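Below: the structure, in structure tokens.
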Amino acid sequence: MLKNKITLITGASAGIGEACAHSFAREGSHLILAARRRDKTETVASYLEEQYGIKTHVLTLDVRDRLAVNKTIEDLPQEWANIDILINNAGLSRGLDKVQEAYYLDWDEMIDTNVKGLLWVSRAVMPGMVERDFGHVINIGSIAGRQVYPGGNVYCATKHAVKAITQGMRIDLLGSKVRCSSVDPGLVESEFSEVRFRGDKEKAEPVYQNFPPLQPVDIAETVLFCATRPPHVNIHDVLVMPQDQAAVYASHARGVE
Ligand code: NDP
Ligand code: 8X3
């Protein structure tokens with residue numbers, strides 16, 4: 001079903017985005033892989049070309065930069081211009097501070113990436129989908145878009161915004177054959193916590209030690225499921241949690257070997 005389709009993945013240099021690239025390449029989709037770290041993205045791209053015989057196109061892109069997003073999408077070579085599937089995955093959290101103590105710039109970075117970045121990319125890609133009357137936008141939300149946890153304030157707000165935007169997109173796309181889904185993970189082991197704590201491994205590593213977290217591939221396979229339903233089926237949203245995480249801060253501390 002995905003053979004020779006074109007999938008654009010933002011945040012494809014690591015974690016869930018990289019895992020989506022693997023799952024979609026395995027199914028024969030050609031891939032536009034976007035992230036800021038070109039070297040990492042190129043390594044992913046070369047591996048997938050060799051492993052699965054697909055074509056890739058690497059974009060060095062900061063989704064916060066609206067003008068760069070527009071120009072990059074506009075300037076896509078003709079053979080890459082007709083994007084079939086957009087996976088809006090690029091995102092991050094910064095800190096776990098109380099609102100009365102947090103850093104303004106952390107808020108800017110989270111809102112600019114998780115909300116505005118997702119909007120810039122969608123705004124650039126969706127007109128082509130609507131014109132061709134074919135496509136699928138899959139947004140990576142979070143359990144943090146459904147519940148709020150201590151210190152989660154603004155990160156949770158950005159994921160609540162993703163939830164609202166996803167619902168709004170579906171309404172806006174009604175009447176077209178363009179689908180829109182969100183996949184909302186619980187705790188996934190990735191670079192996410194190291195980014196949240198700005199490289200402080202002592203704070204980041206324990207996040208994944210109490211119980212077996214989800215792995216990026218678990219989310220990638222869920223995204224793939226959404227993208228491979230028959231055309232008359234649209235998966236609105238999927239919440240995927242680790243078995244030991246019943247709610248955003250209700251978990252069973254089983255320990256991990
Ligand atoms: P990672 O930190 O492992 O990966 C994040 C990816 O986003 C990287 O490829 C990074 O690439 C990219 N990225 C970050 N900022 C930008 C930017 N400004 N422009 C372009 N790319 C950017 O985290 P995850 O894989 O875990 O996170 C992916 C998504 O999943 C995020 O939206 C996150 O909120 C969400 N999520 C994560 C969960 C978790 O527990 N890990 C749970 C629920 C949702 P680069 O630095 O090269 O630009
Ligand atoms: C990331 C999951 O619970 O750390 O969205 O916010 S959580």
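Keep in mind that the numbers below use all heavy atoms, side chains included, and drop hydrogens, waters and symmetry copies. Computed from a prediction, not measured in an experiment: that's the story for all the values here. Note that ligands are numbered from 1 as they come in the structure, with each ligand's atoms numbered from 1 the same way.
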For [atom], which candidate among [options] provides the closest heavy atom?
{"atom": "atom 20 (C) of ligand 1", "options": "Leu61, Thr41, Thr10", "value": "Leu61"}
{"atom": "atom 19 (N) of ligand 1", "options": "Thr113, Leu118, Asp112, Val63", "value": "Val63"}
{"atom": "atom 41 (N) of ligand 1", "options": "Val188, Ile87, Asp65", "value": "Val188"}
{"atom": "atom 4 (O) of ligand 2", "options": "Tyr249, Tyr155, Tyr149", "value": "Tyr149"}

Using distance alone, decide if ligand 1 has a nitrogen or oxygen within less than 3.5 Å of any nitrogen or oxygen in [X].
{"X": "Ile16", "result": "yes"}
{"X": "Leu92", "result": "no"}
{"X": "Ser142", "result": "no"}
{"X": "Gly17", "result": "no"}
{"X": "Tyr155", "result": "yes"}
{"X": "Arg36", "result": "yes"}
{"X": "Gly11", "result": "yes"}

Spacing of [atom1] belonging to [X] relative to [atom2] belonging to [Y], to within rounding of 0.5 Å:
{"X": "Leu174", "Y": "Arg170", "atom1": "CG", "atom2": "CZ", "value": "11.0 Å"}
{"X": "Trp80", "Y": "Leu31", "atom1": "CH2", "atom2": "CG", "value": "7.0 Å"}
{"X": "Arg26", "Y": "Leu48", "atom1": "CZ", "atom2": "CG", "value": "11.5 Å"}
{"X": "Trp107", "Y": "Leu105", "atom1": "CH2", "atom2": "CG", "value": "11.0 Å"}

Mark up the atoms of ligand 1 that fall under 4.0 Å of a heavy atom belonging to [X], in ascending order.
{"X": "Leu187", "result": "40 (O)"}
{"X": "Gly15", "result": "3 (O), 25 (O)"}
{"X": "Asp62", "result": "17 (C), 18 (N), 19 (N)"}

[X] heavy atom under 4.0 Å from ligand 1:
{"X": "Gly141", "answer": "yes"}
{"X": "Arg64", "answer": "yes"}
{"X": "Gly186", "answer": "yes"}

Closer than 4.0 Å to some heavy atom of Phe192 - which atoms of ligand 2 meet that?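 Answer for ligand 2: 1 (C), 4 (O).
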For ligand 2, which atoms, with element, lie under 4.0 Å from some heavy atom of Ala144?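 Every atom of ligand 2 under 4.0 Å from some heavy atom of Ala144: 6 (O).
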Strictly below 4.0 Å, N to O, side chains only: are Lys163 and Asp237 in salt-bridge contact?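 Answer for the salt bridge query: yes.
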For [atom], the protein heavy atom that lies nearest, with its residue and separation:
{"atom": "atom 5 (C) of ligand 1", "answer": "Gly91 O, 3.8 Å"}
{"atom": "atom 23 (O) of ligand 1", "answer": "Ser190 OG, 3.5 Å"}
{"atom": "atom 10 (C) of ligand 1", "answer": "Ser13 OG, 3.9 Å"}
{"atom": "atom 43 (C) of ligand 1", "answer": "Pro185 O, 3.3 Å"}
{"atom": "atom 3 (O) of ligand 1", "answer": "Glu191 N, 3.1 Å"}
{"atom": "atom 2 (C) of ligand 2", "answer": "Ser142 OG, 3.7 Å"}
{"atom": "atom 22 (C) of ligand 1", "answer": "Ala90 CB, 3.7 Å"}

Just wondering, more than 12 heavy atoms not from [X] lying within 6.0 Å of its [atom1]?
{"X": "Glu101", "atom1": "CD", "result": "yes"}
{"X": "Gln78", "atom1": "CD", "result": "no"}
{"X": "Gln243", "atom1": "CD", "result": "no"}
{"X": "Arg123", "atom1": "CZ", "result": "no"}

Please confirm whether the backbone N or O of [Y] pairs with a side-chain atom of [X], one donor and one acceptor, at under 3.5 Å?
{"X": "Gln245", "Y": "Gly186", "value": "no"}
{"X": "Ser23", "Y": "Cys20", "value": "no"}
{"X": "Arg146", "Y": "Val248", "value": "no"}
{"X": "Lys177", "Y": "Met129", "value": "no"}

Below a 4.0 angstrom heavy-atom separation, can you tell me which part of Lys159, side chain or backbone, both or neither, approaches ligand 1?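 Near ligand 1, Lys159 shows its side chain, while the N, CA, C and O stay back.
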Side chain, backbone, both or neither: which part of Asn89 has a heavy atom under 4.0 Å from ligand 1?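 Contact part for Asn89 vs ligand 1: both backbone and side chain.
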Ignoring hydrogens and geometry beyond distance, is a side-chain donor-acceptor pair present between Asn210 and Ser251 at under 3.5 Å?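 Per modelled atom types, Asn210 and Ser251 side chains form no pair under 3.5 Å.
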For Asn4 and His30, does a side-chain donor sit closer than 3.5 Å to a side-chain acceptor?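 Yes, because at least one side-chain N or O of Asn4 sits under 3.5 Å from a partner of the opposite role on His30.
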Does the Lys NZ or Arg CZ of Arg229 fall within the cation-pi geometry relative to Phe225 - under 6.0 Å from the ring centre and within 45° of the axis?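 Relative to the ring axis of Phe225, which defines the angle, Arg229 lies inside both limits.
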